[in-house]
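Report on the structure given below.
The chain is numbered in sequence order, starting from 1. Worth knowing before you read on, the calculation uses all heavy atoms, side chains too, and leaves out hydrogens, waters and symmetry mates. Bear in mind the structure is a predicted one, so any value in this text is a computation, not a measurement.
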Amino acid sequence: MRGAELTETLFTGIAQLVTPAPGPQRGAGMRELTVLPDAALLVRGGVVAWVGAERDAPAAAHTHGLGGVAVVPGLVDPHTHAVWAGDRLRDFEARAAGVSYEELLARGGGIRSTVRATAAASQAELVALARPRLQALRESGATTVEVKSGYGLDFGAEVRMLEAVRELTAEFTLMPTLLIHVPPTEGHGEYVQAVCGDLIPEVARAGLATAVDVFCEKEAFSVVETRAILEAAKFHGLTAKLHADQFHALGGVDLACDLGALSVDHLEASGEAQIAALAASDTVAILLPGVTLHLGLPAAPGRALVDAGACVAVGSDLNPGSSPVFSAPLVLALAVRLNGLTPAEALSAGTVNAAAALGLRDRGALAPGQRADFLALHSPDWRDLAFALGARPVRDVFVGGKELTP
C-alpha cells in the first residue's frame with residue numbers, strides 16, 4: 001500500500017466543487033457549470049479519478065481535508081510575455097502625464113526599449129528575471145502558462161528567450177510560443193523572409209516552441225506577411241496564433257479563422273464581422289482585459305462574442321508595457337467588469353477555453369481523466385474567485401494532485 005499512498009489521495013471537506021465540462025465551451029455552454037456541494041475529489045497518479053458527494057466517496061490510500069472551502073480547476077493563462085529585461089516605468093510615468101505612444105517611441109521608449117534590454121541580457125539573466133513573475137502567476141492560481149518570445153528581434157535573442165522558457169519548464173508548466181512581434185526599422189521584407197526560412201525552421205528543429213504567433217497590426221506585420229509567416233510555421237509542424245484587432249481591424253481575425261489558428265488575441269477593435277467569423281470557427285477568441293485597464297483602450301466585445309456563440313478565453317498578457325498583471329483571478333475579475341462576462345463564463349474562459357487556446361484538452365475541468373490541477377479558495381463560495389480585487393482569493397494550489405508550497 002505504500003506506493004498507493006504516494007499516488008492516490010481523496011480530497012474531502014469541499015464546500016463547493018465547481019467546474020465546467022471538459023473541452024472548449026461556446027456561447028451559453030460557458031455558463032453551464034457543475035456545482036457540487038459537500039463534495040470530494042479522488043486523485044490517482046496525478047489525474048482525477050472520481051468526483052462526487054463526500055458521503056459517496058470511495059476509500060483511498062490517503063485523505064486530505066480541505067477545511068470546508070470551494071474548489072475550482074486550476075486556471076490556464078494562454079497569453080503572457082513573461083520573459084523580458086529592463087522596465088517601462090519611465091513610459092508609465094510619461095503616459096500618465098499625457099505623452100502619446102508615438103512620442104514615447106520617438107524618445108527611444110516603448111516596446112523597442114524592451115527589445116534593446118532583452119537582447120542584451122543573457123539566458124541566465126532572463127531566467128532569473130522571469131522566475132518570480134511566473135511564481136506570482138502560479139501562486140495566484142495559474143497552473144499552466146503560455147510564454148512568448150518576441151522581445152529579441154535579433155534571431156539569437158529570440159532563441160535565447162525560448163531557451164530560457166525551456167529551462168523554466170523544470171519548475172513550471174509552460175507552453176512556449178515563438179512570437180514575431182515587431183519588424184526592424186529597415187529591411188522589413190527581408191526580415192519576414194528570414195523568419196520563414198531561418199528562424200522558424202531552427203526553432204522547430206530544436207523543439208523550442210509549440211506555436212508561432214504574429215502581431216498583425218499597422219505598426220507591425222500586414223495580413224499578407226502574417227499569412228506567409230504562419231504558413232511557414234504550419235509547414236514546420238507548429239500551430240498558429242495571432243495578435244489581431246488591438247488597434248485596427250485589418251483582416252487578422254479572418255486570416256486566423258481561415259488558417260484554423262488556435263487563437264486570435266486582443267480583439268479590442270473587432271466589430272460585427274469579426275464576431276460572426278469567430279462564432280463560425282473553431283479559433284478561440286482571447287480577451288486581454290489587463291490591457292484595457294492599463295492603457296485605457298476600449299474593451300474587447302466579450303459579451304457579444306459569447307452571445308454569438310464564439311469560444312472565448314481570457315489571458316493576463318503579462319508584459320512590461322501594456323499589461324503588468326501578475327494575477328490570474330484578477331484577469332477573471334476584469335473580464336466580468338470590463339468585457340461583460342458573467343462569473344461562470346469567466347471561469348470557463350480561464351480554464352477549459354484557455355486550455356483549448358493552447359491546444360490542450362486534458363485540463364481545465366475537474367472530471368475523471370483530467371489533470372488534477374485545482375485550487376482551494378479561502379472562501380466556501382467559488383464566486384469570490386472573480387469578485388475580489390486586491391486580495392488573493394486562492395489559498396492553495398495543486399498541480400497533478402500535489403500541493404505547491406509558496
Side-chain angles (χ1 to χ4, degrees), residues 75 77-105 107-115 117-118 129-130 132-134 136-137 140-142 145-148 150-151 179 181-182 213 215 217-220 243-248 263-270 285-303 312-341 346 349-350 354 386-392:
L75 302 179
D77 192 337
H79 185 127
T80 84
H81 305 254
V83 176
W84 78 80
D87 65 64
R88 304 267 278 280
L89 298 176
R90 185 173 298 175
D91 290 0
F92 172 57
E93 186 175 37
R95 193 167 57 246
V99 178
S100 70
Y101 185 70
E102 290 77 11
E103 187 174 347
L104 288 174
L105 286 175
R107 294 178 180 181
I111 192 170
R112 295 192 184 277
S113 68
T114 300
V115 167
T118 303
L129 289 166
R133 300 166 190 156
L134 293 169
L137 275 176
S140 81
V145 176
E146 186 253 21
V147 184
K148 304 178 190 294
Y151 293 131
L179 171 60
H181 203 176
V182 291
D213 191 349
F215 187 22
E217 229 345 306
K218 281 187 176 181
E219 303 301 324
H243 284 55
D245 289 15
Q246 182 174 4
F247 302 106
H248 306 93
S263 75
V264 58
D265 308 22
H266 273 296
L267 309 175
E268 291 90 347
S270 294
I286 299 184
L287 314 176
L288 305 170
V291 178
T292 294
L293 176 70
H294 190 67
L295 295 186
L297 296 178
R303 178 76 268 139
V312 176
V314 294
S316 70
D317 196 11
L318 169 63
N319 73 72
S322 63
S323 185
V325 173
F326 295 80
S327 167
L330 178 60
V331 175
L332 271 60
L334 294 177
V336 172
R337 272 90 167 173
L338 301 178
N339 301 109
L341 272 60
F387 178 74
L389 296 173
R392 181 183 169 192

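In terms of modelled atom types and a separation under 3.5 Å, the side chain of Thr118 and the main chain of Val83 share no donor-acceptor contact.
Closest approach of Ser316 to Ser323, counting heavy atoms only: O-OG, 2.7 Å. Taking both residues in full, the closest heavy atoms of Leu332 and Gly350 are given as CD1-CA, 4.2 Å, listed atom of the first, atom of the second, then distance. Between Leu137 and Ala328, the closest heavy-atom pair is CD2-N, 4.2 Å. Heavy atoms only, all atoms of each residue included: Pro289 and Ala335 are closest at CG-N, 3.9 Å. Residue Pro78 comes nearest to Gly315 through the heavy atom pair CD-CA, 3.7 Å, listed as atom of the first residue, atom of the second, then distance. Of all the heavy atoms in Ser113 and Gly110, the pair that sits closest is OG-O, 2.6 Å.
Side-chain atoms of Val331 and Leu75, non-hydrogen and from C-beta on, never get closer than 4.5 Å to each other. Counting heavy atoms from C-beta outward, Val182 and Tyr151 have side chains that stay 4.5 Å or more apart. Under the 4.5 Å side-chain criterion, counting only non-hydrogen atoms from C-beta, Leu341 is in contact with Leu287. Counting heavy atoms from C-beta on, the side chains of Val145 and Leu318 never come closer than 4.5 Å. Side-chain contact between Leu330 and Ser140 is absent, with no heavy atoms from C-beta onward closer than 4.5 Å. No side-chain heavy atom of Val325 sits less than 4.5 Å from a side-chain heavy atom of Asp317. Counting only heavy atoms from C-beta outward, the side chains of Gln246 and Leu297 approach each other to under 4.5 Å.
Here Leu295 contributes atom CG and Ser322 contributes atom OG; the two are 5.0 Å apart, rounded to the nearest 0.5 Å. Here Leu288 contributes atom CG and Asp265 contributes atom CG; the two are 5.5 Å apart, rounded to the nearest 0.5 Å. With values rounded to the nearest 0.5 angstrom, Ser263 atom OG is found 8.5 Å from His79 atom NE2. Interatomic distance, CG of Asn319 versus CZ of Arg88, reported as 7.0 Å (0.5 Å rounding).
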What verdict does the side-chain contact (heavy atoms from CB on, under 4.5 Å) test give for Arg133 and Thr80, after you've listed the backbone C-alpha separation in whole Å, the side-chain angles of each residue and the deciding distance to 0.1 Å? CA-CA 10 Å; Arg133 300 166 190 156; Thr80 84; over 6 Å; no

Start with the C-alpha distance between Trp84 and Ile111, add both sets of side-chain angles, then the distance that settles side-chain contact (heavy atoms from CB on, under 4.5 Å), and finish with yes or no. CA-CA 11 Å; Trp84 78 80; Ile111 192 170; over 6 Å; no

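Every residue two or more places apart in sequence or in another chain was checked for a salt bridge (Lys or Arg N to Asp or Glu O under 4.0 Å) with Asp77, and none qualifies.
In this pair, His181 and His243 present their aromatic rings tilted. The plane angle is within the 30 to 60° band.
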Name the atoms and distances for all side-chain donor-acceptor pairs under 3.5 Å in residues 92-99, with sequence neighbours left out.
{"residue": "Arg95", "atom": "NH2", "partner": "His294", "partner atom": "NE2", "Å": "3.0"}

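Between the side chains of His248 and Glu217, at least one donor N or O sits under 3.5 Å from an acceptor N or O.
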